[in-house]
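Just so we're on the same page: letters track the sequence lines, and every chain starts at 1.
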Amino acid sequence: MAGQSNPDLSVFSAPEVEFLAEDEMVEIVPNIRMEALNMICGDFGPFFPQIASKVPLWLAVALKKRGKCTIRTPEWMSVERLTQVLEAERESPREFQPLPFHYVEISRLLFDRAHDDIPDLYMVRSLIEDIRDVRFHKVETGLETISGRTHAVKLKNLSAMEVNIVRPFMVRALQAFYRHDSPQMIQQPRTMGSRQPQVVDRGPRRDLRPR
Amino acid sequence: MKARSVRLREAHKGSGSASHCSILWDLDGRHLVTASASDPSVSIHDVSQPSKPAKVLQHHRDGVTALALNANSSSLATGSIDHSVKLYSFPDGEFQSNVTRFTLPIRSLAFNKSASLLAAAGDDDGIKLIATLDSSISKVLKGHKGSVTGLAFDPTNEFLASVDAFGTVIYWELSSGKAVHTLKAIAPNCDAETSLLNVVSWSPDGETLAVPGLRNDVVMYDRDTAEKLFTLKGDHERPVCFLSWSPNGKYIATSALDKQVLIWDVDLRQDIERQKFDERICCLSWKPNGNALAVIDVMGKFGSWEPAVPSCMKSPTDGAPSLQAKNANGLFSFDEDDEKPSTSGSLDDAIEESHGESAPLSRKRLRKHSVYDDNSTEDSDGEEGLMCQIESRKRSSIKCQEGVRGAKEECVSSSKCAKSKMQEAFQPGSTPAQTGKRRFLAYNMLGSITTIENEGYSHIEVDFHDTGRGPRVSSMTDYFGFTMASLNENGSVFANPCKGEKNMSTLMYRPFSSWASNSEWSMRLEGEEVKVVALGTGWVAAVTSFNFLRIFTEGGLQRHVLCLNGPVVTALGFNNLLAVVTHASDCLPSGDQMLEVKVFDISEGTQPVGCHLPLTPCSYLTWFGFSEEGQLSAYDSKGVLRVFSNQYGGSWLPVFSASKARKSEDENYWIVGLNASKLFCIICKSPESFPSVMPKPVLTLLSLSFPLASSDLGADDLENEFIMSNLHLSQIQKKIEEFSAAGLNTTELDDEAFNTEAAIDRCILRLIANCCNSDKLVRATELVKLLSLEKSVKGAIKLVTALKLPMLAERFNSILEERLFNESKGTAAAPSLATNGTITNNTLLLRASPAPEITKVVETASASSSPTLPQSHFSMQEKVEKASNMVGGMEPCKDPDGENEKIVFNPMKFHQPINPFAKQSNDQEKAQERRRRDVETCKDASKGNPKEGVDQVLPKVTSGGISNDGSSQRQSHRPVNPFAKASSNHEKSSLLDSIKKMKKADHEKNEKVNNKKARS
């Protein structure tokens, strides 16, 4: 898919999306005793050794980096669950399975930073990659159906990374359709009503984007 | 036939491939003995204490293929691939002798009923009959072509049946040592697979021999004629590989290569129950005294199928021939037993397809078996089966009279003690040994000690949970084989049980850090065995098999040796306290353990607590320890946690019940520790009842709760909180007493007690609200009497007024009056009345407080927001202003209209009656204390109702809201008359509420300091 290979086409870069994902909460098991941390985004802790507590992913990763905790794999990241999800993804070609919005980023972060805390690492990793591929494939095939008549595309349960990649492409594709069809499109909506101005608005704004 | 799963747990770590494993119950059903052909060790599992490590006998050099117990379970014989047969005493597993040696692996062993003979056979040519008395070989029975895989003595001690790998069964006559019947190839040929062994089994009455058949069935052969009687054919899809008769002979359990285990009703010849397993079950054993079937699979995993026979049916032990009946000494013989043509059996077998036809034949030959054969011919109905049983029992009772007296007595005595057993000593926080796996010797809130055995010696590691703080301790190679350990901040103590004469019980102490080098020490105990170790600050304690409590100093000095009242169960140290649990007496017949606990204060040399330790009926102690606050706590196998409290002169309170807390069925809680309100435990998924070392277990917090009856009030949480807080309060008060007796500073504890009291009051107020809502007025009145702070009582009055219960308000009022009267009589000297004293003080101070300042303050509060206000320069002042501005921000009070809004707004708020009052009463108090401190702030002014001050200010305040507020507040401080003006109270309190909420956070910061001042 075009958007996947070319980062310029995305609204956010992948690291930016990852940054956003770092606010997701995960469970950690600290191995030290520590007072509560009072952060701008909230208070976390106090921490007691071997007692699980919930912190944002960025904090978990920071603690993990210093060897102060182990990160507990989120429940959806078990081999069992992922296998189910993968099967379901494969079975239903038109629907996406509910996964955490940031599943790609979270799993990526955990694989990079906390690979020793994930049971069946290899299996989990390949499952997540499979799921990702299946879903992207689905998105791609879904995009093929876009035509000049498409006004909107509804994608439920799409994750952040997927949305990020799909959005610019989709918008541009629709724009292109609109532009090519513009004589008709302008004619029709004028008779029909209020939808047209938005389309017109959207066109020029997009053109400002350096390409 | 509904499927219930039998949970299996690992007993032997196999090589990963299938190998023959064996399992046996002992006579009284308390122990299970397991062995595996791929593991040289034999394990004796205590069934009553699954968490206890299995006793492991390691005398063989190669896999153990055969096990046998004699009839009264006093000795255990094992046969191994290493060609030897060994004898152990049972159940202690003491090695006794090498009975015999073969030149090839042993495959099967059997004791006769009187245990005078042991038959052993294997790949060697010939079955050896060994006299157990002197281990002499009395006979060698030769005749099998292949390796002998199954042996069975007939219960009347006349025959021995044997089967070899080619499926040939031979009946041997014991008296002559001759083969009386040879049945060729009637059992499956299992020569190809070593893990598969053919078996034979006599029915308990000795009338039939069950042999796996060639058509995935079980074939029954007659005792005397060796004729085929009938077959049990059903749902096995592959050949049967093991079978076992139930103790009464009514049922038979079979296991087949299709990984199924079936239970058959022998009389009906029908399978009544089945179970599918993941692996092939290679051995089965019926519990001699219960409806349970022990199974072990080829991977060395065993479990107990309970109840094996559906409870609606007759128990497998019901009507079992009494043990004495079979305790014959090999002298019995029946008149018709001898001289059967040995070929007839096999011939018949070859010809006959249907077992029914065999009956007339056998009847011709045998008078004696007519009843039984009849039965088998006419697809017996229940009655006839019963008849048959009665018959056989009659016979056996006759035999019994001829039986050996001595053996009889022995059996009686052994069955008597079989009922219940005193729990063995354990170390709190330890897990049982598992071969090839690391296990915990000690696990507590601080850290853990783990060990793994490796080729004769162990590796011990000490880890602290808090890697940031705990000392780093190097791992240790342990040549002693330590099985007990304890750990605290300063050091660890280890001990091993004694294993024979050479290996004495040793106690070793390892400090984690010491200024002197080589400060580790060890003690050897001759003839004595350490049972439990404990560790405290500056001392080490060991309780031994002589019921001695030995106390050492940290440096290794032997300080005290005390005698304990009974065998020790467990012991634990906490600072200078040592708690020891011992058996007070033998168990009750119902199986209840009788335990008592003693607490020693090592530094003082006193014994502050000595009492019985209650347990749930039929349970045993699984964990014992101190809470973080130093309260004794005990957890039993039924999942009830008890905490010792000083209420009622020392009693145990149940504060947690696993059965109530459990979210799903397959959770087991393994307790690690507790504090005042939370329980720390490790959740184990069944069938595991204890955690494994890897992955590192994570502690889970569970809240404590009393097992309260479900009340009509529907406020179980509140009631629970109420009792729990009261428990805390009593604990704190006890501590205060102790501290003040010791002349220590109790300020902190006083604060804590005060906070707890306040918490209790809050809880009570909520309970009162609940009571009022559900119309339990008497209960509400009782609750009011329990309130400890006067303000709370006032709050309660306001509450009931708001709830439109004037009658109750009246009552509360009279309670309050009575209380004030008592207090004034008792004067402020009484510590419990301290609050009253505070109030009077406050009033005085208030009067003295400078009026102008209050004026200012009120101005700010009413948000006149004039920047020119001359502020006094208390450090608090600025902050306070901010706070008041915040008030302004929230409630529009920039102009006089704001005040009106407030008044309109607040009565609405007021209708959430429960919490605000509790808070308010608190806040008022805080405010007064604050004033005493003379940090005069506008918060105080606006909320704390400066009595006289507000009066002076009143004229300046234009808004009716504030004036109302002030005056009503004033009234509330004169508790006798104010309730006529309930309506003004409403407004006041609501207004105050909103302001107070804003400032509560700030208050809490100061609260502690204030309290201290107030108290000191």
Contact class of F464(B) relative to chain A, heavy atoms under 4.5 angstrom: neither
Region of P695(B) in contact with chain A, defined by heavy-atom distances below 4.5 Å: neither
D463(B): partners by salt bridge (charged side-chain N to carboxylate O under 4.0 Å, His left out), with sequence neighbours left out: none
Could you tell me whether [X] and [Y] make a salt bridge, using a distance below 4.0 angstrom between a side-chain N and a carboxylate O?
{"X": "K301(B)", "Y": "E279(B)", "answer": "no"}
{"X": "E752(B)", "Y": "K735(B)", "answer": "no"}
{"X": "D116(A)", "Y": "K64(A)", "answer": "yes"}

Proximity of residues 23-51 of chain A to chain B, residues having a non-hydrogen atom under 4.5 angstrom: V29(A), N31(A), I32(A), R33(A), P49(A), Q50(A), I51(A)
Parallel, tilted or perpendicular, as decided by the 30° and 60° cut-offs, for the rings of W76(A) and Y103(A): perpendicular
Residues, nucleotides or ligands: over 12 heavy atoms within 6.0 Å of E95(A) CD: no
More than 12 heavy atoms of other groups within 6.0 Å of R438(B) CZ: yes
